[in-house]
Protein chains: 2
Amino acid sequence: MSAEVKAVTTPASPPLTERQEARRRRILHASAQLASRGGFDAVQMREVAEAAGVALGTLYRYFPSKVHLLVATMQDQLQHMHTTLRKRPPAGDEPAARVAETLMRAFRALQREPQLADAMVRALTFADRSVSPEVDTVSRLTTAIILDAMGLEHPPTAEQLSAVRVIEHTWHSALITWLSGRASIAQVKIDIETVCRLIDLTSPEKS
Amino acid sequence: MSAEVKAVTTPASPPLTERQEARRRRILHASAQLASRGGFDAVQMREVAEAAGVALGTLYRYFPSKVHLLVATMQDQLQHMHTTLRKRPPAGDEPAARVAETLMRAFRALQREPQLADAMVRALTFADRSVSPEVDTVSRLTTAIILDAMGLEHPPTAEQLSAVRVIEHTWHSALITWLSGRASIAQVKIDIETVCRLIDLTSPEKS
DNA sequence: ATCAAGTCTGAAACTTGTTCTACATTATCC
DNA sequence: GGATAATGTAGAACAAGTTTCAGACTTGAT
């Protein structure tokens, strides 16, 4: 029904034991919890460690910096969102409309936890080179969501991939302007819809 | 020759004395200097203060946080760039081509001081609500540069403004992915060119 | 010239991300 | 089951952004 979508997973270098997996979960949960309350600033490493029942040193062994932690948190949340979005695929006829609908749905989901969104997005854009692999994973996840929404019959062309990248850029940046109170939701909607026009423009079936 | 472009300036609440203006300049200069060396991390408030020959408390009176300082630095650099770009307007026939050319020129200018670019852009996207006015000024400056490059005869339509916003989003976000080593210059170029197609798409003279 | 208000300085204190150390616990391998 | 390496813990220590404060200096009005 739609082009094959490769699973986006982390390589998970050394397999974790059960207790380690549980620790990791507890940490991510604590991180999301604290972020939901007070955003980026409220995610304090000592508090995360305490809430997760883990020593500070251990927290740093699992996530080498606050930004790593929050980017991993975003990865986690995006996974959820991806599976949720997949359950009810968008209804529009045109790929552009479907992508716009999907992104606005994702946007409304983030609206429900604006502080959490703030923490994750700020971490994402603040990340430096040392976090590139993790940020890349998030980027691939986002790409997967958009491609999924397009519902292509064939693998995307290079042009389409470029359009998707631009959509991603717009998505992140629009999110930031909204989170920092410099753009209204209506404006974000317009921007998303505007950029989604690029999809039709780069569709190989265009007349 | 082109639609009127309002000057983009800060309101400059209380007029500064000469010595204060000089201090402000020294601070911004020190900030840019340090940023050029080691990027965001190298701009340490104590060092900026010392290099500018000013007490730490004074630095904080002029710029209430490191992010404020770097955003102001960006404002400053953008002003320069704007006047520089204006000297030799882009040559293309189509507005889209002119905008793409202008942005790539700006991009190459930033390439010459990648660390400085890093510091400014990271600060810009990391800025929270307390920096909104300053970030807004930067945004207006960027918009002015793009509108200038378009060389419109008439004031832009709402659709065009939306396209310009999307271009700005893409510009910032693409810059970030390049700065953090996740995208090549070639890729940035493609993304810029892709998004600039929106300009033609939203041109009122379209057939 | 003088007084008051506002500004600047130098230095210390405080906060939070990050690193380090000495020791305890757990896992792995023989 | 015991040696041993890896992992986890508690807590101190360090780094850099931010705040605070007492005293010195400028400035503007009278």
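This one's a predicted model, so the numbers in the text were calculated from it and none came from an experiment. Residue numbers begin at 1 in each chain, while the letters A, B, ... track the order of the sequences.
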Open item on the list: Nearest whole Å is fine: how far is D/dG8 P from A/Arg24 CZ?
Closed with: 13 Å
Task: Euclidean distance, atom NE2 of residue A/His68 to atom P of C/dG17 [Å, nearest integer] - done: 16 Å
Open item on the list: Whole angstroms only, please: what is the CE-C1' distance between B/Met45 and D/dT19?
Closed with: 12 Å
Open item on the list: Looking at A/His80, is its backbone amide N or carbonyl O close enough to the side chain of A/Thr84 to form a donor-acceptor pair, meaning the two atoms are under 3.5 Å apart?
Closed with: yes
Open item on the list: I want to check a possible cation-pi pair here: B/Arg122 against B/Phe40, using under 6.0 Å from ring centre and within 45° of the ring axis as the test.
Closed with: yes
Open item on the list: Classify B/Val48 by what it touches in the nucleic acid, base, sugar-phosphate, or nothing, heavy-atom distance under 4.0 Å.
Closed with: nothing
Task: Salt-bridge contact A/Arg105-A/Glu101 (side-chain N to carboxylate O under 4.0 Å) - done: yes
- [ ] Would you mind reading off the distance between B/Glu50 atom CD and D/dG17 atom C1', rounded to a whole angstrom?
- [x] 17 Å
Open item on the list: Using 0.5 Å steps for rounding, measure from the OG1 atom of A/Thr102 to the CG atom of A/Leu147.
Closed with: 11.5 Å
TODO: Measure from CG on A/Asp41 to P on D/dT18 and round the result to the nearest Å.
DONE: 10 Å
Open item on the list: Tell me whether the side-chain N/O atoms of A/Gln20 come closer than 4.0 Å to OP1 or OP2 in D/dA6.
Closed with: no
Open item on the list: With a 6.0 Å cut-off (strictly less than), is the heavy-atom count around CD of B/Gln111, excluding the residue itself, greater than 12?
Closed with: yes
- [ ] Nearest whole angstrom, please: distance from the C1' of D/dA15 to the CZ of B/Phe40.
- [x] 15 Å
Open item on the list: Once you apply a heavy-atom cut-off of 4.0 Å, does A/Val43 come out as touching a base, just sugar-phosphate, or nothing?
Closed with: sugar-phosphate
- [ ] Measure the spacing between CD1 of A/Ile167 and CH2 of A/Trp171 and express it to the nearest 0.5 Å.
- [x] 12.0 Å
- [ ] Strictly below 4.0 Å, heavy-atom distances to any atom of DNA chain C: list the hits from residues 58-66 of chain A, or just say none.
- [x] A/Tyr60, A/Ser65, A/Lys66
TODO: Could you tell me the separation between the CG atom of A/Asp128 and the C1' atom of C/dT18, rounded to a whole number of Å?
DONE: 14 Å
N/O contacts under 3.5 Å, protein versus nucleotides 10-14 of chain D?
none

Open item on the list: Side chains of B/Ser180 and B/Arg182: any donor to acceptor distance under 3.5 Å?
Closed with: yes
Task: Atom-pair distance (CD on A/Gln44; C1' on D/dT18), nearest Å - done: 14 Å
Open item on the list: Please encode protein proximity along nucleotides 25-30 of chain C as a string of B, S and -, counting only heavy-atom distances under 4.0 Å.
Closed with: -SS---
Task: Distance-only side-chain donor-acceptor flag, B/Ser173 / A/Ser173, under 3.5 Å - done: no
Task: Polar side chain donor-acceptor pair, A/His169 to B/Thr170, under 3.5 angstrom - done: no
Task: Salt bridge present between B/Arg197 and B/Glu193 (N-O < 4.0 angstrom) - done: no
TODO: Answer yes or no: is there an ion pair linking B/Asp76 with B/Arg24, defined by an N-O contact shorter than 4.0 Å?
DONE: no
